[in-house]
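None of the values given here were measured: they were computed from a predicted structure. In what follows, chains carry the letters A, B, and so on, assigned in the order in which the sequence lines appear, proteins first and then strands, with residues in each chain numbered from 1.
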Amino acid sequence: MEIKTPWSRVREVWRRSSRGPVRAAWLFTAAAALWRALRTVTGDDAYERYVAHHRLHHGGKGVPMSRAEYFRAEQRRRWDGIRRCC
Amino acid sequence: MQQPDTPTSMGWGQRLVWAVVAVLGAGAAGAIALHRGESINSIWFIVAAVCIYALGFRFYGAFVAARVLALDATRATPAERLNDGRDYLPTNRWIVFGHHFAAIAGPGPLIGPTLAAQFGYLPGTIWILIGAVLGGCVQDFVILFCSLRRNGRSLGQMARDELGALGGAVALIGVMAIMIILIAVLGLVVVNAMKHSPWATSTVAATLPIAVLIGLYMRSFRPGRVIEGTALGVALLVLSVVAGGWINHHPVLRGWFDYNGPQLALMIIAYGFAAAVLPVWLLLAPRDYLSTFMKIGTIVALAIAIVILQPEVKMPAMTQFVDGTGPIFGGTLFPFVFITVACGAISGFHALISSGTTPKLLGNERDARFIGYGAMAMESFVAIMAMVAATVLDPGVYFAINSPAGVVGAETARAVQTISDWGFPVTVEQMTALAREMGEATLFARTGGAPSLAVGMASIFSQAFGSTLLALWYHFAIMFEALFILTTLDAGTRVARFMLQDMLGNIFPALGRTSWYPSVLICSAMVVAGWGYFLYIGTIDPLGGINSLWPLFGIANQMLAAIALCVATTVIVKSGRLRHAWVTAVPLGWLVVITTAAAWEKLFSPGLRIGFLAHANDLSQKLAAGVLPPGKAAQAPQLIFNDRLDAVLTAFFLVTTWVLVIETVRICHAAVTGRRCPPSAETPYVRTQLAEA
């Protein structure tokens with residue numbers, strides 16, 4: 001369940017790459033990790049995570065919502081309470 | 001991966017690092033507190049704040065986590081036990097932190113410190129730091145914990161469970177009242193920033209179609225593509241700032257966006273109603289995305305700019321206004337600095353977030369400290385930056401922008417004379433030049449904090465990022481503030497509507513159906529009428545409206561914090577940890593002292609700018625004696641009524657706080673002596689099945 005923090009992922013790749021000659025690859029991996037982290041934190045990949053969750057927990061049973069359906073359902077749910085502060 | 005939670009488990013290296021942090025923090029705090037001279041470098045504020053938050057989190061937060069609450073990493077959280085893949089869902093703690101921070105970060109910590117700077121930089125800064133570390137962070141953390149152990153129940157529900165029906169009802173009505181006042185005062189801040197400013201007004205107006213466009217984009221064109229939609233929206237917002245400058249210079253177009261305060265107030269009221277009854281996806285949700293990203297981006301940029309530029313703070317440590325004669329709001333240092341800073345140190349509103357959505361997402365109880373304590377420390381850091389942005393201005397300029405015409409005089413020459421006589425030299429030429437640089441007609445009497453913050457931010461940004469486009473930065477800052485003030489205004493109206501529907505549903509069941517459109521229309525209209533009234537009166541008040549509304553908001557907010565701490569203290573006492581109850585009882589006691597003192601003064605002070613009743617009586621005597629000029633005489637009955645209404649509200653806040661505190665003491669006493677009281681509603685222990693623990 002627990003997703004690794006972006007930082008720990010970058011550190012891991014750094015450790016591994018230091019053994020080989022391909023440090024340049026590290027930059028690319030770091031950028032990719034950053035991009036993934038950004039997508040997760042902003043909720044950009046929420047649908048992908050939902051589909052993965054659906055497959056894992058309801059495997060085979062029922063069809064996951066489409067991207068548009070999911071987005072609408074999420075928005076409805078989120079705004080059904082206190083969302084903002086002073 | 002058990003983290004070291006107690007100070008004793010540290011290695012020597014760690015001890016050394018923390019010793020250095022402690023020395024650095026103490027040195028910086030000492031420099032701020034003891035410095036007496038022309039100016040002081042703002043970097044000290046940043047260093048002191050970062051060190052104090054880090055120490056508070058590492059040691060006090062860990063103490064509360066281990067000894068007071070006894071967080072248990074092996075205990076399954078509601079997110080795990082009740083996992084439904086929607087509301088309850090174990091989520092990565094960084095994501096939860098982001099959501100939680102975005103939800104608690106509002107305009108309050110930007111405005112409060114800006115206004116409190118009238119006492120000088122020191123009182124506000126001290127309270128922001130101490131209040132957050134010992135009060136605000138603890139409140140958010142403990143309430144999050146209480147809700148975690150109660151299936152994610154809300155503050156109102158917990159108040160009912162732990163303190164009985166009376167506590168629950170008081171909490172609910174308190175939340176409604178604070179919403180109404182909060183929205184009114186925020187609306188007033190926006191109105192004052194847009195008053196007779198075609199640039200600001202057109203830019204803020206442009207945010208509406210931009211939000212709608214992004215809403216359509218993310219719903220129909222590219223569903224759920226948040227990053228794309230946001231990037232597009234931010235680009236359009238920046239463009240709207242530039243376009244606003246062009247409109248401002250256009251002879252015809254600028255007339256379309258040039259309005260006075262009451263006109264703008266009516267527009268905001270109409271807008272607020274429309275936003276409340278329109279579907280969420282059209283305006284509210286996309287604007288919320290935009291404002292969240294703008295908010296975080298701008299705050300980070302401001303922090304970087306302050307670190308690069310290290311501007312000098314020119315405001316004295318303390319001004320003579322600690323005696324209560326301040327132009328921005330009347331009242332002495334005690335208790336009004338605490339009431340004014342409010343959200344940056346401790347905000348009752350956060351208890352609603354900590355007990356609503358956040359606890360349903362936490363996968364591990366241990367993370368409650370990181371989310372609850374950590375996010376509030378960051379929020380408090382925003383308040384410190386607002387304090388820096390306000391105090392790097394020349395004090396004369398700061399007072400000229402923030403003092404209402406009713407106090408320093410409507411004539412610019414008289415205003416600068418009054419302010420210079422206080423010992424804060426400023427000239428009409430200086431203000432005119434500044435207004436011209438910022439692309440405004442005038443900056444005099446722009447009360448509410450937003451314009452002075454924008455001037456401060458504009459000067460910091462334009463210097464740090466090597467650009468001289470002051471006017472663009474200024475209107476960017478105004479747009480950024482307006483964006484999330486309007487988001488709070490819409491979202492707050494909606495929440496207040498839900499609550500009203502819930503309450504009225506007990507009397508007229510039809511009104512309780514939240515999606516029944518007539519009920520939506522009626523209840524939204526009632527909520528908007530509530531805050532709209534205070535907003536409109538604020539714009540015609542010669543003392544500027546902020547003078548009466550902000551303290552009222554501060555009292556309401558701190559009262560809500562007191563309610564939250566009552567619940568927290570009761571929970572700690574019932575858990576058998578009476579000897580640790582001081583952790584929440586001491587901040588509670590302090591809040592009761594300051595809210596009572598402030599409410600008492602607002603009610604009974606003979607000072608015309610402090611006491612609501614004194615002002616009402618003075619005005620009615622003048623009206624009866626016929627000494628008021630015709631224009632003022634026409635408004636006087638409305639202002640008198642409003643003063644008395646404010647007094648009734650203040651008295652209501654005072655009474656409800658005390659009722660709840662007495663109830664808390666009674667129940668805690670019953671719990672300790674083994675008498676009958678509502679039992680602790682904590683859910684039984686279930687061992688976590690998640691791999692990590």
Side-chain angles (χ1 to χ4, degrees), chain A residues 1-12 15 30-86, chain B residues 80 83 85-87 89-95 98-99 102-109 154 175 178 182 186 218-220 223-228 230 280-281 284-285 288-289 293 342-343 347 349-350 352-353 356-357 363-364 484 487-488 490-492 494-495 498 514 553 557 690-692:
Chain A
M1 208 68 235
E2 183 77 4
I3 308 167
K4 280 186 183 170
T5 61
W7 178 235
S8 70
R9 201 179 283 151
V10 170
R11 228 170 19 191
E12 199 183 301
R15 258 202 313 274
L34 255 176
W35 172 243
R36 271 199 304 276
L38 182 71
R39 288 199 68 204
T40 305
V41 169
T42 55
D44 201 57
D45 65 355
Y47 179 69
E48 282 93 322
R49 281 190 280 130
Y50 156 75
V51 171
H53 172 90
H54 194 275
R55 214 169 277 147
L56 195 68
H57 291 270
H58 316 277
K61 277 176 285 162
V63 187
M65 286 182 268
S66 76
R67 191 180 275 277
E69 277 168 359
Y70 174 76
F71 182 69
R72 284 172 201 205
E74 272 299 280
Q75 213 166 43
R76 241 196 331 272
R77 181 181 70 78
R78 284 230 198 120
W79 284 95
D80 216 28
I82 297 175
R83 280 274 290 160
R84 279 295 168 264
C85 218
C86 39
Chain B
E80 182 189 350
N83 187 348
R86 288 159 54 83
D87 292 313
L89 181 68
T91 309
N92 177 273
R93 61 184 181 141
W94 290 91
I95 301 176
H99 281 293
I104 65 170
S154 72
V175 174
I178 181 181
L182 165 75
L186 290 180
M218 288 204 289
R219 185 182 176 86
S220 304
R225 302 292 181 179
V226 177
I227 293 182
E228 275 172 31
T230 307
V280 171
W281 61 267
L284 205 51
D288 186 58
Y289 281 114
F293 289 107
C343 314
S347 172
F349 219 102
H350 295 186
L352 302 180
I353 310 284
T357 329
N364 191 320
F484 68 96
T487 304
T488 306
D490 304 348
R494 222 178 122 74
V495 169
F498 279 136
T514 48
F553 160 68
N557 184 334
L690 294 181
E692 204 224 349

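Evaluation of the ring-ring contact (aromatic ring centres under 6.0 Å, His included) rule for A:Phe71 yields no partner, not counting sequence neighbours.
Using a 4.5 Å heavy-atom cutoff, the side chains of A:Thr40 and B:Asn92 are not in contact. The shortest side-chain heavy-atom distance between B:Asn83 and A:His53 falls under the 4.5 Å cut-off. The side-chain heavy atoms of A:Gln75 and B:Met218, taken from C-beta on, include no pair separated by under 4.5 Å. Looking at heavy atoms from C-beta onward, A:Thr42 lies out of side-chain contact with B:Thr230 at the 4.5 angstrom threshold.
Of the two parts of B:Phe484, neither the backbone nor the side chain holds a non-hydrogen atom closer than 4.5 Å to a non-hydrogen atom of chain A. In this structure, chain A has no heavy atom under 4.5 Å from any part of B:Asp490. No part of A:Arg76 comes within reach of chain B, as not one of its non-hydrogen atoms sits under 4.5 angstrom from that chain. Neither the backbone nor the side chain of A:Ala46 comes within less than 4.5 Å of any heavy atom of chain B.
Chosen from A:Leu38, A:Val41, A:Asp44, the residue pairing most often with chain B at heavy-atom distances under 4.5 Å is A:Asp44. Here B:Ile227 is the residue among B:Val226, B:Asp87, B:Ile227 with the most heavy-atom pairs under 4.5 Å with chain A.
We find the CZ-CG distance between A:Arg49 and B:Leu89 to be 8.5 Å, quoted to the nearest 0.5 Å. Distance check, rounded to the nearest 0.5 Å: CZ of A:Arg67 to CZ of B:Arg225 gives 3.5 Å.
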